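One structure is given below, encoded as structure tokens.
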Protein chains: 2
Amino acid sequence: MTGIDDVARAAGVSAATVSRALSGRGRISDATRARVRAAAADLGYVVSAAASALATGRASNVGVVVPLLDRWFFANVLDGIASRLASEGYDMTLYSMSDDRAQRDGVLDTSLRRGRVDGLIVLSVTLADDEVDRMLALELPVVGLSATTSRFPALRVDELAVARAATEHLLGLGHRRIAHIGAGYAGDPGLDIPSLRRHGFASAMADAGIPDAPFAAADFTIEGGHRAALALLERDDPPTAIFAASDEIAFGALFAARDRGLDVPGDLSVVGVDGHEMGDFFGLTTVAQFPHEQGERAADAVLAAIDGRDEIGDLAFRLVERTSTSAPRGGLAEVAGRPSP
Amino acid sequence: MTGIDDVARAAGVSAATVSRALSGRGRISDATRARVRAAAADLGYVVSAAASALATGRASNVGVVVPLLDRWFFANVLDGIASRLASEGYDMTLYSMSDDRAQRDGVLDTSLRRGRVDGLIVLSVTLADDEVDRMLALELPVVGLSATTSRFPALRVDELAVARAATEHLLGLGHRRIAHIGAGYAGDPGLDIPSLRRHGFASAMADAGIPDAPFAAADFTIEGGHRAALALLERDDPPTAIFAASDEIAFGALFAARDRGLDVPGDLSVVGVDGHEMGDFFGLTTVAQFPHEQGERAADAVLAAIDGRDEIGDLAFRLVERTSTSAPRGGLAEVAGRPSP
DNA sequence: CTGAAAGCGCTTACAG
DNA sequence: CTGAAAGCGCTTACAG
């Protein structure tokens with residue numbers, strides 16, 4: 001491999017000067033800098049990551065702690081992180097935290113302690129308190145993305161507002177019998193996403209004068225949504241609209257409507273959350289989140305944190321109206337300028 | 001940060017001995033080894049990646065070159081790679097090769113040349129010849145996964161056999177009017193996956209005495225499959241079965257059948273390829289591949305290559321029969337023991 | 001089996 | 001603006 005001395009020789013300067021020319025740090029004449037850079041490009045020389053890291057204490061590498069690495073959403077987040085990091089000259093190494101105890105310990109107690117990274121992005125992994133302790137003990141800048149703990153800074157979307165946006169969209173169309181499919185109150189109700197969405201739904205409904213809006217529990221899958229929606233549709237007063245806590249749940253609800261011979265949106269309106277890549281095909285109205293952009297934001301935030309700056313803030317979302325929602329059949333939709341009684 | 005000298009002091013030995021005890025290399029008494037390891041565990045000491053890499057020339061890190069990091073399949077492959085690598089003490093850093101020219105150059109000419117990795121796994125990125133040149137110039141062990149070049153070793157599934165399995169499943173059920181939806185002949189027909197699948201289909205049909213089986217082109221999406229299937233179903237002699245080159249295409253075909261009021265599998269059988277996570281919900285018969293296992297195999301293969309060994313071989317696939325395929329209505333299915341005329 | 005010492009390839013005060 | 005030299009934290013022949 002060609003090293004710094006080869007470049008120094010080719011450019012007729014010392015290794016120190018090569019280092020300065022390439023890193024941009026320290027004063028150096030424009031002429032020498034140009035000569036050195038040309039020589040380096042010529043020889044295809046690139047600074048060794050290990051030597052540079054050892055000498056400076058900076059690894060130019062960011063770790064990303066991910067849950068089961070197999071969800072559509074996370075893959076998109078990763079892509080966003082990677083693209084932003086790359087443009088700043090950082091690499092990205094992945095640490096996957098599954099449910100396997102030994103594996104998690106390995107990540108926290110060994111992998112992450114090797115000093116390979118300058119900072120950490122933690123995607124929404126659910127961490128036990130002692131795991132957070134160990135992560136903080138690393139003394140590394142940490143940025144969470146929808147983290148389920150508040151012990152390190154995290155980018156979040158305002159999930160209460162997300163749920164309100166979906167619910168108010170339905171209310172605005174004239175629906176009153178609106179049901180929610182999601183998960184029950186699980187972890188910290190102030191941070192747990194399913195809890196926040198359910199809470200946002202309930203409070204939007206209450207504000208509209210509908211205190212006990214129906215709820216059905218489901219895990220975040222098509223199957224779960226399908227089953228829950230079927231149950232909801234069998235009630236004596238079936239809902240005219242469903243707010244599903246995720247797009248996959250919503251897909252399940254859409255299938256349930258077809259199975260029951262219901263027209264969407266004529267008989268049943270459905271709105272989801274996520275912006276799933278298949279949503280367009282299903283014509284699903286949804287509150288889209290932007291995983292790729294979230295990844296970029298997270299990358300910017302760690303880089304800022306590594307730099308001692310703070311770039312924590314709220315993440316965007318947007319209601320995307322498609323064909324799965326409309327006014328209820330025979331419903332009294334509010335018409336602009338003619339307020340309902 | 002606690003360093004090797006702290007451990008040496010605590011254990012009452014030299015740094016050299018600590019290094020030997022922790023790495024397992026070099027002779028050392030059982031007693032000292034135990035004492036050193038205890039001291040290290042006590043202090044939470046872990047060898048610095050940078051220092052170790054610089055001293056040994058080994059980074060204990062594998063690079064994974066990935067295409068647009070946003071497909072379900074790749075996410076699963078990555079998960080497989082990560083889990084296997086982690087258990088061998090290796091980290092995994094990702095290099096994403098999008099369509100952006102500058103970004104690809106950055107990966108090939110800079111990131112990968114930093115010496116951060118001991119080996120490379122290349123997921124099915126389509127590489128230009130000069131890009132392959134530059135990758136080989138790295139002089140790193142490289143293992144491809146379904147690579148579109150034969151200039152480095154790669155793990156592959158026998159795509160001809162995959163297509164035959166799907167087609168023969170349909171033929172065995174008694175279908176004769178079988179259509180294929182896939183992509184046209186694109187790259188190297190001997191390596192390009194869509195081409196191989198189409199070719200496998202055509203040859204299985206030809207072997208069954210059906211030379212010019214219908215084909216419709218589509219990109220590998222639900223929309224593409226939907227459109228192509230609709231076209232196929234409008235023919236004078238619509239197919240009784242469709243072999244789709246991917247599960248997403250197959251989903252599109254399933255939707256097309258519903259749109260046309262066709263019963264699946266009564267009026268139309270559909271078989272896909274992939275083992276998509278939603279396949280079960282759709283009841284889709286498919287030729288499943290195993291992305292997680294593929295990832296593990298790829299990890300094993302680079303590790304072997306780093307070690308100078310060869311572990312290249314074929315990847316598994318399996319026909320998974322669900323409810324989207326059956327004998328054609330009124331078709332003359334072969335009955336066991338009663339061969340058809 | 002164990003230690004002292006050189007060396008891995010850079011970076012950065014320190015001089016000049 | 002530029003160079004000589006020490007140092008980053010390990011590993012590994014070389015002695016003993």
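None of the values given here were measured: they were computed from a predicted structure. Order of the sequence lines sets the chain letters (A, B, ...), proteins ahead of strands, with each chain counted from 1.
Here the rule is side-chain contact (heavy atoms from CB on, under 4.5 Å) with B:Val143, and of B:Leu303, B:Asp310, B:Val62, B:Ile312 only B:Ile312 fits it. Among A:Ile81, A:Val77, A:Val302, the single residue meeting the side-chain contact (heavy atoms from CB on, under 4.5 Å) criterion with A:Val64 is A:Ile81.
Pair assignment for D:dA15 gives C:dT2, based on Watson-Crick or G-U wobble hydrogen-bonding distances that are each under 3.5 Å.
Within the nucleic acid shown, A:Thr32 comes within 4.0 Å of sugar-phosphate atoms alone, with no base atom in reach, counting heavy atoms only. Heavy atoms of B:Arg20 sit under 4.0 angstrom from at least one base atom. No contact: B:Arg114 has no heavy atom under 4.0 Å from any strand.
A distance of about 23 Å separates the P atoms of C:dA6 and C:dT2, rounded to the whole Å. Of the P atoms belonging to C:dA13 and C:dG9, the separation is 23 Å, rounded to the nearest Å. Atom name P, nucleotides D:dC14 and D:dC10: the rounded distance is 24 Å, in whole Å.
Applying the side chain to side chain contact (heavy atoms under 4.5 Å, CB included) criterion to B:Ala137, with sequence neighbours excluded, gives no partner residue.
Smallest separation of non-hydrogen atoms from B:Tyr95 and B:Ser111: CE2-CB, 3.6 Å.
Nearer to the 5' terminus of DNA chain C, by closest-nucleotide assignment, is the contact made by B:Ser29 (compared with the other of A:Ala15 and B:Ser29). For the pair B:Val13 and B:Thr56, both in contact range of DNA chain C, the more 5′-proximal nearest nucleotide belongs to B:Val13. Remark on DNA chain D: of its neighbouring residues B:Ala50 and B:Thr17, the 5'-side contact belongs to B:Ala50, judged by nearest-heavy-atom nucleotide.
To the nearest 0.5 Å, atom CD1 of residue A:Ile306 and atom OH of residue A:Tyr90 are 4.5 Å apart.
In the model, A:His292 has no side-chain atom that pairs as donor or acceptor with a side-chain atom of A:Asn76 under 3.5 Å.
Read 5' to 3', the first and last nucleotides of DNA chain D with an atom closer than 4.0 Å to a heavy atom of chain B are D:dG9 to D:dA13.
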